[in-house]
Amino acid sequence: MTLSLSFACPPYDRILPLVWGKVAPEGIHLTYLPLEVEEVFWRQLRHQEFDVSESSLSTYVMLRSRGDERFMAIPVFTSRCFRHSFVFINTHKGIRSPQDLKGKTIGLPEYQITAVVWLRGIFKDEYGVSPEDILWRSGGQETPGRKEKIKLNLPPEIDLKPIPPDKTLSQMLESGELDALIGARAPSTFLKGSPNVARLFPNYREVEEQYYAKTGIFPIMHTIIIKRKIYEENPWVAKSLYKAFSSAKDIAIGSYDEMAALHVTLPWIHAEVNQTRKMMGDDWWPYGVDKNRKTLETFLRYHHEQGLSARLMTIEELFAPETLDDEFKI
């Protein structure tokens, strides 16, 4: 009998072969819900509405470190992103380098979201700017009233306060009430061309390529989680889903090489793919533990150092053991 599971995730190119039926997980029928990440995360965390879903890596690690066993992850990383391009500054505050952020007031949507965990870790490792050097202010980036999804227990030296409930981070950055903003999205004031808002790294691609060349890290943002009850009753689903997600990603990436008709609405997609391969190799978006061990261990260190994990988590306890083994060989 085929197991029917609901699956919530944005319609990334790397999961569309699953949606279209080009790839079918062995023994599973997926009912797909194409939702944006903020909605998926909120509904799954609060109400456990989906059998399988995308999840913030930070939120998942935080929950597991506190003994919350509602979900089990598989090492499928549906969202990755270099984050240097998501540091925005008020242009009148004399901020020219990351070191200039010391003592400044920085806004963020939530202290625990994965993007800002990475940025705080990068600030400290690469530029000597520690979380305690900053005054942190949290709240809705474009809509007032956003709050942390999970109660925090931060070190006492961290200065974190909410912004007024009637204000947004984007507005406060433009007005100068905030010196800078970091997050997972560009603020609307920047996108609309406000002269008061700019990127800290205007040459962000060069900076991000240098970071990758130095560290070999392509930051992971999200993973795929399964309801614990479903996983425990059907432990085979972890490997079945892992194989299907991997095949779907391979199909999506393979389509970039199609030259008869472009599969992506970008005129120089082939040049971009060739440049990416030259820097990052053929498998530039790897799934699985082995190819991501350094990236995952770095994130887990950042997460614990920043007071978000109740203890330092290990990779092996976070992902279904069925997905940790090497592929079988015939």
Quick check against the 3.5 Å criterion: does Glu208 have a side-chain atom that pairs as donor or acceptor with the backbone of Ser85?
yes
Between Arg120 and Glu305, is the closest basic N to carboxylate O distance under 4.0 Å?
no
Spacing of Leu296 atom CG and Thr314 atom OG1 [to the nearest 0.5 Å]
11.0 Å
Donor-acceptor under 3.5 Å (Ser170 side chain, Thr189 main chain):
yes
May I ask you to decide whether Arg205 forms a salt bridge with Glu272, counting only side-chain N to carboxylate O separations under 4.0 Å?
yes
Do the side-chain N and O atoms of Glu142 and Thr168 include a donor-acceptor pair separated by under 3.5 angstrom?
no
Is there a side-chain contact between Asp159 and Trp136, using heavy atoms and a 4.5 Å cut-off?
no
Please answer: with hydrophobic residues joined when any side-chain heavy atoms are less than 4.5 Å apart, are Leu63 and Ile225 in the same cluster?
yes
Please state whether the rings of Phe86 and Phe88 are parallel, tilted or perpendicular, taking 30° and 60° as the class boundaries.
perpendicular
Can you check side chain to side chain donor-acceptor pair (under 3.5 Å) on Tyr302 and Asp125, steps first, answer last?
CA-CA 10 Å; Tyr302 287 167; Asp125 276 4; 2.7 Å; yes
Give a yes or no on this: more than 12 heavy atoms of other residues, nucleotides or ligands lie within 6.0 Å of atom CG of Asn153.
no
Please determine whether salt bridge (Lys or Arg N to Asp or Glu O under 4.0 Å) holds for the pair Glu317 and Arg64, giving the CA-CA distance in whole Å, both sets of side-chain angles, and the decisive distance to 0.1 Å.
CA-CA 9 Å; Glu317 63 188 313; Arg64 292 294 307 276; 5.6 Å; no
Spatial distance of atom CD (Glu110) from atom CG (Leu160) [nearest 0.5 Å]:
10.5 Å
Atom OG of Ser240 and atom CD1 of Ile28: how far apart are they, to the nearest 0.5 Å?
4.0 Å
Do side-chain atoms of Thr91 reach the backbone of Pro195 as a donor and acceptor pair under 3.5 angstrom?
yes
Are Val237 and Ile226 close enough, and set up right, to give a side chain to side chain contact (heavy atoms under 4.5 Å, CB included), and what steps lead you there?
CA-CA 9 Å; Val237 301; Ile226 308 166; 4.2 Å; yes
Can you get from Met62 to Val117 by hopping between Ile, Leu, Val, Met, Phe, Trp and Tyr side chains that sit under 4.5 Å apart?
yes
Is a salt bridge present between Asp257 and Arg277, judged by a nitrogen-to-oxygen distance below 4.0 Å?
yes
Please name all residues satisfying salt bridge (charged side-chain N to carboxylate O under 4.0 Å, His left out) with Arg293, sequence neighbours left out, ordered by chain then number.
Glu297, Glu316
Selection residues 52-71 - residue pairs positive for ring-ring contact (aromatic ring centres under 6.0 Å, His included), sequence neighbours left out
none
Salt-bridge criterion met for Lys214 and Glu209 (N-O under 4.0 Å):
no
Under a single-linkage definition using a 4.5 Å side-chain heavy-atom cutoff for Ile, Leu, Val, Met, Phe, Trp and Tyr, are Leu135 and Leu101 assigned to the same hydrophobic cluster?
no
What do the steps show when you test Leu181 against Met172 for side chain to side chain contact (heavy atoms under 4.5 Å, CB included), and what is the final call?
CA-CA 9 Å; Leu181 184 156; Met172 292 178 70; over 6 Å; no
Show me the pairs that pass side chain to side chain donor-acceptor pair (under 3.5 Å) and involve residues 25-34, at least two apart or across chains.
Glu26-Lys243
Decide side chain to side chain donor-acceptor pair (under 3.5 Å) for Thr114 and Ser56; before the verdict, give the C-alpha distance in whole Å, the side-chain angles of both, and the deciding distance to 0.1 Å.
CA-CA 6 Å; Thr114 310; Ser56 155; 3.1 Å; yes
Is Glu38 salt-bridged to Arg185, cutoff N-O under 4.0 Å?
yes
For Asp179 and Thr105, indicate whether the former's side chain and the latter's backbone hold a donor-acceptor pair under 3.5 Å.
yes
Judged by modelled atom types alone, do Ser58 and Gln112 share a side-chain donor-acceptor pair under 3.5 Å?
yes
Please tell me if the side chains of Glu126 and Thr215 come closer than 4.5 Å, counting only heavy atoms from C-beta onward.
yes
Give a yes or no on whether the backbone of Ala244 and the side-chain of Ser247 come within a donor-acceptor separation of less than 3.5 Å.
no
Looking at Tyr211 versus Tyr204, is the centre-to-centre ring distance below 6.0 Å?
no
With distance as the sole test, does Lys93 use its side chain to make a donor-acceptor pair with the main-chain N or O of Gly176 at under 3.5 Å?
yes
Between Phe218 and Phe82, is the ring centre distance below 6.0 Å?
yes
Hey, does the side chain of Lys249 reach the backbone of Trp285 with a donor-acceptor pair shorter than 3.5 angstrom?
yes
Does Leu173 share a hydrophobic cluster with Val87, counting links as ILVMFWY side-chain heavy atoms below 4.5 Å and allowing steps through other members?
no
Using a strict 4.0 Å threshold on nitrogen-to-oxygen distance, state whether Arg70 and Asp68 make a salt bridge.
yes
Less than 4.0 Å between a side-chain N and a carboxylate O, is that true for Glu322 and Lys239?
no
Approximate separation, where rounding is to 0.5 Å, of Leu241 CG and Phe7 CZ
8.5 Å
How would you list, by chain and number, every residue that makes a ring-ring contact (aromatic ring centres under 6.0 Å, His included) with Phe123, sequence neighbours excluded?
none
Does Lys294 reach the main-chain N or O of Ile217 with its side chain, forming a donor-acceptor pair under 3.5 Å?
no
Looking only at heavy atoms, what is the nearest atom pair of Gln306 and Gly121, with distance?
NE2-N, 3.4 Å
Do His222 and Glu54 get their side chains close enough for a donor-acceptor pair, meaning under 3.5 Å?
yes
Side-chain donor or acceptor of Asp133 paired with backbone N/O of Val129 under 3.5 Å
no
Met221/Thr78 under side chain to side chain contact (heavy atoms under 4.5 Å, CB included): CA gap, chis, key distance, verdict
CA-CA 8 Å; Met221 300 295 136; Thr78 41; over 6 Å; no
Any Leu152 side-chain heavy atom under 4.5 Å of Ile158 side chain
no
State which residues pass side chain to side chain donor-acceptor pair (under 3.5 Å) with Asp13; sequence neighbours excluded, sorted by chain then number.
Tyr256
Considering only residues two or more places apart or on different chains, which pairs with a residue in residues 142-164 satisfy ring-ring contact (aromatic ring centres under 6.0 Å, His included)?
none
Is it the case that the side chain of Ser246 and the backbone of Tyr242 share a donor-acceptor pair, with hydrogens and angles ignored and the cut-off at 3.5 Å?
yes
Strictly below 4.0 Å, N to O, side chains only: are Lys102 and Asp100 in salt-bridge contact?
no
Any idea which heavy atoms bring Leu178 and Ile106 closest together, and the distance?
CD2-C, 4.5 Å
Are Ile134 and Leu308 connected in a single hydrophobic cluster, I mean Ile/Leu/Val/Met/Phe/Trp/Tyr linked by side-chain heavy atoms less than 4.5 Å apart?
yes
Apply the test side chain to side chain contact (heavy atoms under 4.5 Å, CB included) to residues Met313 and His304: give CA-CA distance (whole Å), side-chain angles for both, the deciding distance (0.1 Å), then the verdict.
CA-CA 8 Å; Met313 301 296 289; His304 185 57; over 6 Å; no
So NZ of Lys229 and CG of Asn234: to nearest 0.5 Å the spacing works out to 9.0 Å
With side chains defined as the heavy atoms from C-beta onward, is the minimum distance between Phe319 and Thr323 less than 4.5 Å?
yes
